[in-house]
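Comments concern the structure below.
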Number of protein chains: 2
Amino acid sequence: MILKSQVEWALHCCAILAGLPEGRYLSTKALAEFHGLPKEYLSKALQSLSQAGLVHTTLGPSGGYRLARTPAELTFLDIVEAVEGKARTFVCNNIRENNPCRPQGYCESSPCAVSRFMWEADEAWRAKLRSVRLSDLTEALAQEIPAELWKSSFEWVLERAG
Amino acid sequence: MILKSQVEWALHCCAILAGLPEGRYLSTKALAEFHGLPKEYLSKALQSLSQAGLVHTTLGPSGGYRLARTPAELTFLDIVEAVEGKARTFVCNNIRENNPCRPQGYCESSPCAVSRFMWEADEAWRAKLRSVRLSDLTEALAQEIPAELWKSSFEWVLERAG
DNA sequence: TTATTAAGGATATAAAATATCCCTATTCCA
DNA sequence: TGGAATAGGGATATTTTATATCCTTAATAA
């Protein structure tokens, strides 16, 4: 069970978009080039962010993406779920229905204990993701990336932002 | 990102093995029949449990599986990791290396903030799974399964246990 | 001796992830 | 006003993973 690489791409793209000045847009092309990613496929991940309402888009030259909310109002969970979906990571196939001792027509009322425990763990994962804001990420990145690289990266981005 | 159905199978099988009297063994065939699962494929999941040291096996007629530890000493994490593997659910492909502004030969010292946050969430998931013992599962099942079905199921199992 | 079992290798099939391509409507700009 | 660039989305291809089956081997109980 491994998350799609699109999750990683979306998080890095949002980190870049978080640093974009008010009203500017950044295209798929620029984001793909900056991260060394396949443009067409990255586009699908960005479309997922758009459909989830996390980013705004415009068309035409100088079009592209910008965040729909402030980085403090965007969580890791928002981004992960936009790309990966909201479905739980554990699916109950209700195999207890196959118990040969089970009376005919007997109907299970609620999810079995196995599912419940697994879903609690899933929720713990989501709770942690929910607690991390995009602004936490950009602060951490600003700390760990050398000031010079940080600066030149944003110059690179701004040259291409519409 | 969805866990293998083998995880669900392994958990249900361990719950059954937890109720097996000391020194008895239950075969793949019986476990597959009880849960309505493909015997050959379930066998792979049970082999994973065996390789992880969670169950003991014997060969021959009346052979099969029994738990290697008490249900209180077996956690959900043990079982999930035995089947699903111990690898983290988020893989860092280090796409920051593709940053066109990055100096030649510049070598990132440590995992980037994206990975760290994602791995924290992964660890929260594992911590929750680690906190649930197999004995917690059997207690919950004993509560929610009608007494009659619970009883007849174990009679069914004992008839087939070697 | 015979039947039954777990283990594991080889292979087949189905589903999901990872792309790529192409068409459309919109928007900017010369 | 026309041409270029953009997001959106549908169709399709490729690769990887999950699911499943088959077969052989060694061990074991009756």
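Letters A, B, ... mirror the listed sequences (proteins, then strands); counts begin at 1.
Looking at heavy atoms from C-beta onward, B/His35 lies in side-chain contact with B/Cys13 at the 4.5 angstrom threshold.
Taken residue by residue, residues 75-85 of chain B places no heavy atom nearer than 4.0 Å to DNA chain D. Against DNA chain C, the stretch residues 44-69 of chain A makes heavy-atom approaches under 4.0 Å through A/Lys44, A/Leu59, A/Gly60, A/Pro61, A/Ser62. Listed by residue number, there are no residues of residues 24-34 of chain A with a heavy-atom contact under 4.0 Å to DNA chain C.
The nearest whole Å value for the distance from the CH2 atom in B/Trp9 to the C1' atom in D/dT19 is 7 Å. As rounded to whole Å, 16 Å separates atom P of D/dT17 from atom CE of B/Met1. When rounded to the nearest whole Å, the span between CG of B/Leu42 and P of C/dA7 equals 12 Å. Look at CG on B/Leu3: it is 10 Å from P on D/dA18, rounded to the nearest Å. Between B/Glu40 atom CD and C/dA12 atom P the separation is 16 Å, expressed in whole Å. Atom CD of A/Gln6 is separated from atom P of C/dT20 by 12 Å (rounded to the nearest Å).
Rounded to the nearest 0.5 angstrom, A/Glu73 CD and A/Leu67 CG are separated by 10.5 Å.
Looking at A/Arg96 and A/Asn94, their side chains do bring a donor and an acceptor atom within 3.5 Å of each other. With no hydrogens or angles considered, a side-chain donor-acceptor pair links B/Thr89 and B/Asp122 at under 3.5 Å.
Formation of a donor-acceptor pair under 3.5 Å by the A/Arg126 side chain with backbone atoms of A/Lys86 is found in this model. A donor-acceptor distance shorter than 3.5 angstrom exists from the side chain of A/Asn99 to the backbone of A/Cys101, with no hydrogens or angles considered.
B/Trp119 approaches B/Cys92 most closely through the heavy-atom pair CZ2-CB, 4.2 Å.
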Check against side chain to side chain donor-acceptor pair (under 3.5 Å), A/Glu139 and A/Ser135: CA-CA 6 Å; A/Glu139 280 168 27; A/Ser135 54; 4.9 Å; no
Verdict with reasoning, B/Ser27 to B/Tyr65, per side-chain contact (heavy atoms from CB on, under 4.5 Å): CA-CA 6 Å; B/Ser27 69; B/Tyr65 299 88; over 6 Å; no
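Relative ring orientation between B/Tyr41 and B/Trp9 is described as perpendicular, the plane-to-plane angle rising above 60° on a 0-90° scale split at 30° and 60°. Using a 30° and 60° split on the angle between ring planes, A/Phe117 and B/Phe76 fall in the perpendicular class, above 60°.
Each of B/Lys4 and A/Lys39 lies near DNA chain D, and the nucleotide nearest A/Lys39 is the one positioned closer to the 5' end.
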